[in-house]
Structure formats: structure tokens, C-alpha cells
Amino acid sequence: MSIESAAGSGPALRELLREAETSLLECKVCFERFGHRQQRRPRNLSCGHVVCLACVAALAHPRTLALECPFCRRACRGCDTSDCLPLLHFLELLGSALRPGPAAPRAAPAAPGVLTCQHAFGGWGTLVNPTGLALCPKTGRVVVVHDGKRRVKVFDSGGGCAHQFGEKGDAAQDLRYPVDVTVTSDCHVVVTDAGDRSLKVFDFFGQIKLVLGGHFCLPWGVETTPQNGVLVTDAEAGSLHLLEVDFPEGVLRRTERLQAHLRRPRGVAVSWLTGAIAVLEHPLGPGACSSTTVKVFSASMQLIGQVDSFGLSLFFPSKITASAVAFDHQGNVVVADTSSPAVLCLGKPEEFPVLKPIVTHGLSHPVALTFTKESSLLVLDSAAHSVKVYKIDWG
């Protein structure tokens, strides 16, 4: 409902509402209107000035949480801010006249509901301290890298072990310390090996096709793009790379550095709906040992969304440490949290954050996520040495 229709009883009331909207109900940092939604809630700084919660998160230092009031420069901390109750009560009094209409809510309703675990497979002995998880897009088989004698294990759709490969050893084709894995559209298995700082490509039956050594300082996350390219994060160099590979021939055709100033990037994910790329950063520094940041770039590598542990802590009752990132089929960003532990939906990148827990029980230490074509969620639980399959309730 518009202000004019709500205030149709007289021009004086209409003018009062318009003045309230522009003078009182607008954050003077981002010029967005205050509201009851989490990121738009008005927050009192210690000096008495009021800004929205999203601006508090943006202004606060990611490690110390320190910030300066943008108006008077008085120092305070993000965690010391509080809801501005008079403004919230004023919004209630104005009612629907100043609230967004039914078409305005963010994309949270499109996010998955709370999930239930259907079954699990693996377990100690079958998997040993697993670190990476991927799906074969053609066969639906699940590929896991772990610390066993044979580092790559392939499971069928029912959770039975189909085959395994990737010997533990020091030869070029061996796997010393596999970190992450992806499977290309033509069923090649790509593994990042932190042991010898290389990228290794196998066919689906375990024959080595390509070893890329000397290209990375510390390759970590790996993901396949819709065009069958390979994205690789370099945690030590702080970079993100795109590789074009002739997989049947085992030849690297081209490499491109997409980002060069990331902070210890690890996990990486690609939306097959939009082409957006999500990168999970683990910055170093005092107090940053458990701090994480999710950055999302468009297909043209423009930053379109970002949220860190502090920003998420403003919306969630407990500390969040993101350990893995993925996109669901609707383009929502989903992260695994090792602090709770839980799996959380952050919403679409341009609407960060619309935080919604989707798995809250039954996890010990989730380290990897992927969605099946049927929209089930697979979670790799390192502490349980298993893959847990969750069914999504879209209702």
C-alpha cells in the first residue's frame, strides 16, 4: 500500500509520513529504508547514531569488530550495538502504510526447508578422514577423497563402494594429501594434492591422464564449470584460476587467473543456473583462525555478494565457521558450518544474507557439500568418516 493511499485522510498526515520516511526511517549510510528484516533493522551505536544492521556488518573490522561512527567518528564495536526500539515501534505503529507489500520479501521462501537424513554410507575403515566430495554428472556416482591407502573412492547411488584408485605414495601419479575433488561432464576425476602442490586428472577408472605440478603454491578447492572448465583456488597465493583441459588427450590448453587478491581461498562452487562463482576465504591474522568469508562473483567476475563470520553472527545465535560452499538448483548459496555444526542457506548472492538453517542435527564436522539432480543434499562428515544424504523438503 502506498503512503498516499494510506494517508488519504489529509495532506498534513501524508506530508508527515513522507517526512518520517525520508528523515527517520532511512539509514543515512546506505540510504535504504529501515525495516524488521534482519539486515534492515535499525541499530544504535554507542554514540547514539543509528544505522542499519547491514551497515554495521560492513563497517566493522572482520577480526576485532571495531568500527567508527560514520557521522561523529566515535569508536565502538559491532557486537556492542543494539536494536533501536523507538524506530522499530514507530514502524509497528505505521503498520502496512510503510511496510513493503507482499511482493517485496526476499528469496528465503525459495530456499530449501529443514532437511532430514535419509541414509549414510562410508564409515570408519571405508573412509578415513575424508576431505572432498563430488558427483559424477553422468552416472550419479559419488566420489570422495580421503586418507586411505587408495585415496579416491567411488560409491554407487546406493552407497556401495564401486571401485577405488589413487595410491598413497610419492610418485607423480600417486596422491600424497588430496584436499578436494570434482568430476567433469565427461567423467574425468580432478584432484587437488596439497602434498606435492599439484592438480591431478584421472579417468573415471583411475588411469592418470595429467599431472599439473609447478602451477600452484597450494592448490585447494576445485570445481567444474558448466563449460567443462576447472576452477582451482590457490590458498597460499590468494588466487582463483580457470583451466581449460583436453581431458581425453590429457593436455592443458589454457589457464587464466580470475582473481589475484583473495585471502587464503579454499572452497569454490559454481552455480549451473547463473554461472556465479562462490569462494570461501579463511584469512590469517590475530583472531582470524575461525573467521571465514563467502564471496560470490558473477560469471564476468564482478563481486555481487559477500558476507563474513561476523556478519552472519548478527543473524544467527551461535558462532559460524564456514567449511564448505555450494549452490542449490535455485541459485541459493549454501554453506557447511563446523561450529554448530549445521548446514545453512544464505539465499541468493544479491540478497545476502537471508540466513536459514536447513540441517541442524546429526552432523559432527561437515567439510563438503553437493546437490544431486534430484535435489537431495550430500554432506561429507569428516568426523563420522561418512557421506550423509538429506532429502529436501521444498514444501
Side-chain angles (χ1 to χ4, degrees), residues 112-137 139-168 175 177-183 189-194 202 204 206 220-223 266-269 280 320-328 334-345 357-393:
V114 175
L115 314 185
T116 56
C117 185
Q118 300 296 303
H119 68 280
F121 56 89
W124 174 256
T126 302
L127 294 174
V128 180
N129 301 324
T131 55
L133 170 73
L135 272 176
C136 177
T139 66
R141 291 190 168 184
V142 180
V143 180
V144 178
V145 291
H146 70 130
D147 198 28
K149 184 177 179 181
R150 293 187 177 178
R151 306 294 214 179
V152 181
K153 189 152 288 193
V154 181
F155 297 90
D156 60 32
S157 57
C161 181
H163 62 280
Q164 54 189 332
F165 59 87
E167 296 289 336
K168 178 180 180 180
L175 291 172
Y177 185 71
V179 178
D180 199 7
V181 62
T182 189
V183 183
V189 179
V190 185
V191 181
T192 48
D193 190 344
F202 302 85
F204 204 64
W220 200 282
V222 62
E223 180 69 300
R266 294 189 180 179
V268 60
L280 188 58
I320 294 175
T321 305
S323 58
V325 62
F327 286 94
D328 68 14
V334 178
V335 297
D337 170 30
T338 54
S339 295
S340 298
V343 177
L344 311 170
C345 178
I358 56 176
V359 176
T360 56
H361 298 91
L363 294 174
S364 300
H365 193 78
V367 295
L369 306 167
T370 191
F371 285 89
T372 70
K373 291 180 179 179
E374 297 77 24
S375 294
S376 292
L377 172 65
L378 305 185
V379 182
L380 183 63
D381 192 331
S382 182
H385 312 279
S386 64
V387 178
K388 297 178 179 179
V389 183
Y390 291 84
K391 184 66 178 177
I392 299 176
D393 178 11

Undergrad: Taking atom CG of L380 and atom OG1 of T131, what is their separation to the nearest 0.5 Å?
TA: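 Separation between the atoms: 7.5 Å.
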Undergrad: Quick check for you: to the nearest 0.5 Å, what is the distance between D193 atom CG and D180 atom CG?
TA: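 Rounded to the nearest 0.5 Å, the CG-CG separation comes out at 12.0 Å.
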Undergrad: Measure across V154 and V143 and return the closest heavy-atom pair with its distance rounded to 0.1 Å.
TA: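 What the structure gives for the nearest pair is CG2-CG2, 4.2 Å.
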Undergrad: Closer than 3.5 angstrom, by distance alone: can the side chain of K388 be matched with the main-chain N or O of G362 as a donor-acceptor pair?
TA: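 Checking the backbone N and O of G362 against the side chain of K388, a donor-acceptor pair under 3.5 Å is found.
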Undergrad: Please report the closest heavy-atom contact between P130 and V144, naming both atoms and the distance.
TA: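 For P130 and V144, the tightest heavy-atom pair comes out as CB-CG1, 3.8 Å.
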Undergrad: If only atom types and distance count, is the side chain of D381 paired as donor or acceptor with the main-chain N or O of H365 below 3.5 Å?
TA: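 Confirmed, D381 side chain pairs with H365 backbone.
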Undergrad: Please work out whether the ring planes of F165 and F202 are parallel, tilted or perpendicular, with thresholds of 30° and 60°.
TA: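 Geometry flag for F202 against F165: tilted rings.
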Undergrad: Could you tell me the separation between the CG atom of L369 and the CG atom of D328, rounded to the nearest 0.5 Å?
TA: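 One gets 11.0 Å once the value is rounded to the nearest 0.5 Å.
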Undergrad: Heavy atoms only: give me the nearest I358-C345 pair and the separation to one decimal.
TA: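 Nearest pair, atom of I358 first, then C345: CG2-CB, 4.2 Å.
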Undergrad: For H361 and Y390, work out which heavy atoms get closest and say how close.
TA: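 Looking at all heavy atoms of both residues, the shortest contact is O-OH, 3.7 Å.
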Undergrad: Rounded to the nearest 0.5 Å, what's the gap from CZ on F121 to CG on D156? Could you check?
TA: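 Reported to 0.5 Å precision, the distance equals 8.5 Å.
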Undergrad: Please name the pair of heavy atoms, one in P178 and one in H146, separated by the smallest distance, quoted to 0.1 Å.
TA: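 Looking at all heavy atoms of both residues, the shortest contact is CG-O, 3.6 Å.
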Undergrad: Looking only at atom types and distance, does a side-chain atom of S323 sit under 3.5 Å from a main-chain N or O of P366, one as donor and one as acceptor?
TA: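 Yes.
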Undergrad: Might you work through the side chain to side chain contact (heavy atoms under 4.5 Å, CB included) test for L133 and V142, ending with a clear yes or no?
TA: CA-CA 7 Å; L133 170 73; V142 180; 3.4 Å; yes
Undergrad: Once rounded to the nearest 0.5 Å, what's the spacing between atom CD of Q164 and atom NZ of K153?
TA: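 Result: 4.0 Å between the selected atoms.
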Undergrad: Nearest 0.5 Å please: distance from the CG atom of L135 over to the OG1 atom of T370.
TA: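 Atom-to-atom, L135:CG and T370:OG1 are 4.5 Å apart.
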Undergrad: Would you call the rings of H385 and W124 parallel, tilted or perpendicular, taking 30° and 60° as the class edges?
TA: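 The arrangement is perpendicular - the two ring planes meet at more than 60°.
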Undergrad: Kindly say whether E223 contributes a backbone atom to a donor-acceptor pair with the side chain of T182 at under 3.5 angstrom?
TA: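 Judged by distance alone, no pair lies under 3.5 Å.
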Undergrad: L377 vs V359, test: side chain to side chain contact (heavy atoms under 4.5 Å, CB included). Steps then yes/no.
TA: CA-CA 10 Å; L377 172 65; V359 176; 4.3 Å; yes
Undergrad: Side chains of S340 and T360: does their closest heavy-atom pair fall under 4.5 Å?
TA: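 Counting from C-beta outward, S340 and T360 never come under 4.5 Å.
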Undergrad: Taking atom NE2 of H163 as the centre, report whether more than 12 heavy atoms of other residues, nucleotides or ligands fall under 6.0 Å from it.
TA: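 Yes, NE2 of H163 has more than 12 neighbouring heavy atoms, counting only those of other groups under 6.0 Å.
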Undergrad: Could you check W220 against T192 for side chain to side chain contact (heavy atoms under 4.5 Å, CB included), going step by step and ending with a plain yes or no?
TA: CA-CA 6 Å; W220 200 282; T192 48; 5.6 Å; no
Undergrad: Using every non-hydrogen atom in the two residues, find where A322 and V335 come nearest and quote the distance to one decimal.
TA: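 That closest heavy-atom pairing would be CB-CB, 4.3 Å.
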Undergrad: Does E167 come within less than 4.0 Å of R150, counting only side-chain N to carboxylate O?
TA: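 Result for this pair is yes, salt bridge flagged.
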